[in-house]
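We number each residue from 1, following the sequence as shown.
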Amino acid sequence: QVQVVESGGGLVQAGDSLRLSCAASGRTASDYVMGWFRRAPGKEREFVAAISRSGVSTYYSDSVKGRFTISRDNAKNTVYLQMNSLKPEDTAVYYCAARSGSAVRQRESDYDYWGQGTQITASS
């Protein structure tokens with residue numbers, strides 16, 4: 001199995017940029033589809049972005065499309081989430097997740113391994 005650990009969270013101003021990293025260990029990251037999810041205060045966890053094992057295909061929620069970019073460096077076993085033009089509504093705990101298999105999914109239940117999460121707070 002794989003372990004994933006997020007880093008890069010913090011407090012930013014609205015309009016700022018931030019990059020999250022997700023380091024995978026235990027198995028080769030390229031064996032897994034990777035995704036980012038988030039949970040805002042008082043809300044359920046929601047899909048943010050996902051990337052195929054090769055990195056060729058990416059998917060985004062409508063709320064972040066055009067502002068966030070997911071990428072991966074399989075040589076470094078690391079997945080990134082570049083977040084630009086952050087808004088107060090992006091404030092949440094962000095989770096990295098790994099999915100066995102080749103199909104890219106957006107449902108939380110389709111992911112097998114999860115990190116502990118990292119807090120992003122975007123103040124207005």
Side-chain angles (χ1 to χ4, degrees):
Q1 63 181 40
V2 66
Q3 294 82 42
V4 294
V5 178
E6 306 93 341
S7 62
L11 173 65
V12 297
Q13 298 283 331
D16 284 352
S17 297
L18 202 62
R19 188 177 79 161
L20 301 182
S21 298
C22 172
S25 62
R27 281 193 61 177
T28 305
S30 59
D31 289 342
Y32 298 88
V33 168
M34 301 297 291
W36 287 96
F37 292 76
R38 68 185 182 187
R39 178 181 283 134
K43 296 186 177 181
E44 294 185 352
R45 189 154 56 183
E46 64 174 3
F47 170 78
V48 174
I51 189 166
S52 62
R53 293 187 297 184
S54 67
V56 170
S57 299
T58 57
Y59 300 86
Y60 300 92
S61 68
D62 289 342
S63 61
V64 307
K65 196 174 297 182
R67 298 187 299 123
F68 290 12
T69 302
I70 188 171
S71 62
R72 68 191 301 162
D73 185 340
N74 286 337
K76 295 182 178 180
N77 279 344
T78 302
V79 177
Y80 305 97
L81 185 68
Q82 176 67 43
M83 303 182 293
N84 298 330
S85 302
L86 281 160
K87 304 176 181 180
E89 50 264 44
D90 294 319
T91 294
V93 177
Y94 283 71
Y95 299 89
C96 177
R99 166 180 159 73
S100 302
S102 60
V104 181
R105 303 290 189 197
Q106 300 182 18
R107 290 185 309 179
E108 181 179 344
S109 59
D110 286 324
Y111 286 77
D112 305 295
Y113 306 101
W114 292 82
Q116 300 268 352
T118 185
Q119 175 73 46
I120 303 293
T121 302
S123 63
S124 57

Taking all non-hydrogen atoms of both residues into account, name the closest pair between [X] and [Y] and its distance.
{"X": "Tyr111", "Y": "Ala50", "answer": "OH-CB, 3.5 Å"}
{"X": "Gln82", "Y": "Ser17", "answer": "NE2-CB, 3.9 Å"}
{"X": "Val4", "Y": "Cys22", "answer": "CB-SG, 3.7 Å"}

Is there side-chain contact between [X] and [Y], with heavy atoms separated by less than 4.5 Å?
{"X": "Val64", "Y": "Met83", "value": "no"}
{"X": "Trp114", "Y": "Arg45", "value": "yes"}
{"X": "Cys96", "Y": "Met34", "value": "yes"}
{"X": "Thr118", "Y": "Leu20", "value": "yes"}
{"X": "Tyr60", "Y": "Thr69", "value": "yes"}
{"X": "Asp90", "Y": "Ile120", "value": "no"}
{"X": "Ile51", "Y": "Val33", "value": "no"}
{"X": "Ser100", "Y": "Tyr32", "value": "yes"}

*With sequence neighbours excluded, what pairs up with Thr28 under the side-chain contact (heavy atoms from CB on, under 4.5 Å) test?*
Ser30, Asp31, Asn77

*Spatial distance of atom CZ (Arg67) from atom OG (Ser85) [nearest 0.5 Å]*: 7.0 Å

*What is the distance from atom OH of Tyr95 to atom CD of Glu108, rounded to the nearest 0.5 Å?*
9.0 Å

*Yes or no on side chain to side chain contact (heavy atoms under 4.5 Å, CB included) for Tyr113 and Gln1, after CA distance, side-chain angles and deciding distance?*
CA-CA 8 Å; Tyr113 306 101; Gln1 63 181 40; 3.4 Å; yes

*Verify the ring-centre separation between Trp36 and Phe68: is it less than 6.0 angstrom?*
no

*With sequence neighbours left out, what residues match Arg105 under salt bridge (Lys or Arg N to Asp or Glu O under 4.0 Å)?*
none

If two hydrophobic side chains count as joined below 4.5 Å and joins carry through other members, does [X] share a cluster with [Y]?
{"X": "Tyr59", "Y": "Tyr80", "answer": "no"}
{"X": "Val93", "Y": "Phe47", "answer": "yes"}
{"X": "Phe37", "Y": "Tyr94", "answer": "no"}

*asked:* Would you say Asp73 and Thr78 are linked by a side-chain donor-acceptor pair, where the criterion is simply a distance under 3.5 Å?
replied: no

*So Thr91 and Gln119, side chain to side chain contact (heavy atoms under 4.5 Å, CB included) or not? Walk me through it.*
CA-CA 8 Å; Thr91 294; Gln119 175 73 46; 3.9 Å; yes

*Electrostatic pair Asp110:Arg107 at N-O distance under 4.0 angstrom*: yes

_Short N-O contact, Glu46 and Arg38, less than 4.0 angstrom_ = yes

Is there a donor-acceptor contact under 3.5 Å from the side chain of [X] to the main chain of [Y]?
{"X": "Asn74", "Y": "Arg53", "answer": "yes"}
{"X": "Arg72", "Y": "Gly55", "answer": "no"}
{"X": "Ser52", "Y": "Ser57", "answer": "yes"}
{"X": "Glu6", "Y": "Gln116", "answer": "yes"}

